[in-house]
Novice: 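Sharing a structure with you now.
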Amino acid sequence: MVITLLTRAGCPACARALDELTPVSLEYDTTLEIVDVDAAAAHDPGLRAEFGDRLPVVLLDEREHSYGEVDMPRLRADLDAAR
């Protein structure tokens, strides 16, 4: 499974989400991708248009999982179910 964190520079909530997701991705041996929506807008403007006002956004295998904050109980349940 791939956990993707959509973020932007200077976003305190995004930094907290990264701090929460890093150990979980190691625990579950998943890939953790970090995507800055502002930087990605150069080649994918739709990403910032869709998610830019709700950051941080967590995607699980490219599907929206949570936004604003990490829904850790739900994320762990979904990762456990995928094992």
Novice: Is it possible for you to say whether Val35 and Leu75 belong to one hydrophobic cluster, with membership spreading through side-chain heavy-atom contacts below 4.5 Å?
Specialist: no
Novice: Just wondering, more than 12 heavy atoms not from Glu62 lying within 6.0 Å of its CD?
Specialist: no
Novice: Could you note down all residue pairs passing disulfide (SG to SG under 2.5 Å) where residues 7-65 supplies at least one of them, sequence neighbours left out?
Specialist: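 Passing the test, one end in residues 7-65: Cys11-Cys14.
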Novice: Group every Ile, Leu, Val, Met, Phe, Trp and Tyr by side-chain heavy-atom contacts under 4.5 Å, then state whether Leu32 and Leu79 land in the same group.
Specialist: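 Yes, one cluster joins them.
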Novice: Could you give the distance from CE (Met72) to CG (Leu21), rounded to the nearest 0.5 Å?
Specialist: 5.5 Å
Novice: Could you walk me through whether Tyr28 and Ile3 satisfy the side chain to side chain contact (heavy atoms under 4.5 Å, CB included) test, starting with their C-alpha distance in whole Å, then the side-chain angles of each, then the deciding distance to 0.1 Å, before giving a yes or no?
Specialist: CA-CA 11 Å; Tyr28 285 89; Ile3 300 170; over 6 Å; no
Novice: Just verifying a value: how many Å separate Leu18 CG and Thr7 OG1, rounded to the nearest 0.5 Å?
Specialist: 7.5 Å
Novice: Quick check: does any side chain N or O of Ser25 sit under 3.5 Å from a backbone N or O of Thr22, one acting as donor and the other as acceptor?
Specialist: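 A pair under 3.5 Å: yes.
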Novice: If you round to the nearest 0.5 Å, how far is CE of Met1 from CG of Asp29?
Specialist: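 The CE atom of Met1 is 13.0 Å from CG of Asp29, to the nearest 0.5 Å.
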Novice: Any disulfide (SG to SG under 2.5 Å) involving residues 43-83? Give me the pairs, sequence neighbours left out, ordered by first then second residue.
Specialist: none
Novice: Determine whether the side chains of His65 and Asp78 contain a donor N or O and an acceptor N or O closer than 3.5 Å.
Specialist: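 Yes, Asp78 and His65 have a side-chain donor paired with an acceptor closer than 3.5 Å.
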Novice: Following the transitive rule for hydrophobic clusters with a side-chain heavy-atom cut-off under 4.5 Å over Ile, Leu, Val, Met, Phe, Trp and Tyr, establish whether Ile34 and Val70 coincide in one cluster.
Specialist: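 Yes, one cluster joins them.
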Novice: What's the separation between atom OH in Tyr67 and atom CG in Asp53, rounded to the nearest 0.5 Å?
Specialist: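 Interatomic distance, Tyr67 OH to Asp53 CG, rounded to 0.5 Å: 9.0 Å.
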Novice: Using the test side-chain hydrogen bond (donor to acceptor under 3.5 Å, both in side chains), find all partners of Arg54 that sit at least two apart in sequence or belong to another chain.
Specialist: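 Partners of Arg54 under the side-chain hydrogen bond (donor to acceptor under 3.5 Å, both in side chains) test: Glu64.
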Novice: Tell me, with the steps shown, if Arg76 and Glu27 meet salt bridge (Lys or Arg N to Asp or Glu O under 4.0 Å).
Specialist: CA-CA 10 Å; Arg76 286 186 174 282; Glu27 178 184 342; 3.1 Å; yes
Novice: Measure the spacing between OG1 of Thr4 and CZ of Arg63 and express it to the nearest 0.5 Å.
Specialist: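 Between atom OG1 of Thr4 and atom CZ of Arg63 there are 13.5 Å.
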Novice: Any salt bridge linking Asp38 with Arg8? Criterion: basic side-chain nitrogen under 4.0 Å from a carboxylate oxygen.
Specialist: yes
Novice: Using the rule that two of Ile, Leu, Val, Met, Phe, Trp, Tyr join whenever any of their side-chain heavy atoms come within less than 4.5 Å, decide whether Val58 and Leu47 are in one cluster.
Specialist: no
Novice: Are Leu5 and Val57 connected, step by step, through hydrophobic side chains (Ile, Leu, Val, Met, Phe, Trp, Tyr) whose heavy atoms are closer than 4.5 Å?
Specialist: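 Different clusters: Leu5 never reaches Val57 through Ile, Leu, Val, Met, Phe, Trp or Tyr contacts under 4.5 Å.
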Novice: Going from CG on Leu59 to CZ on Phe51, what distance comes out if it is rounded to the nearest 0.5 angstrom?
Specialist: 5.5 Å
Novice: Please confirm whether the backbone N or O of Val2 pairs with a side-chain atom of Asp61, one donor and one acceptor, at under 3.5 Å?
Specialist: yes
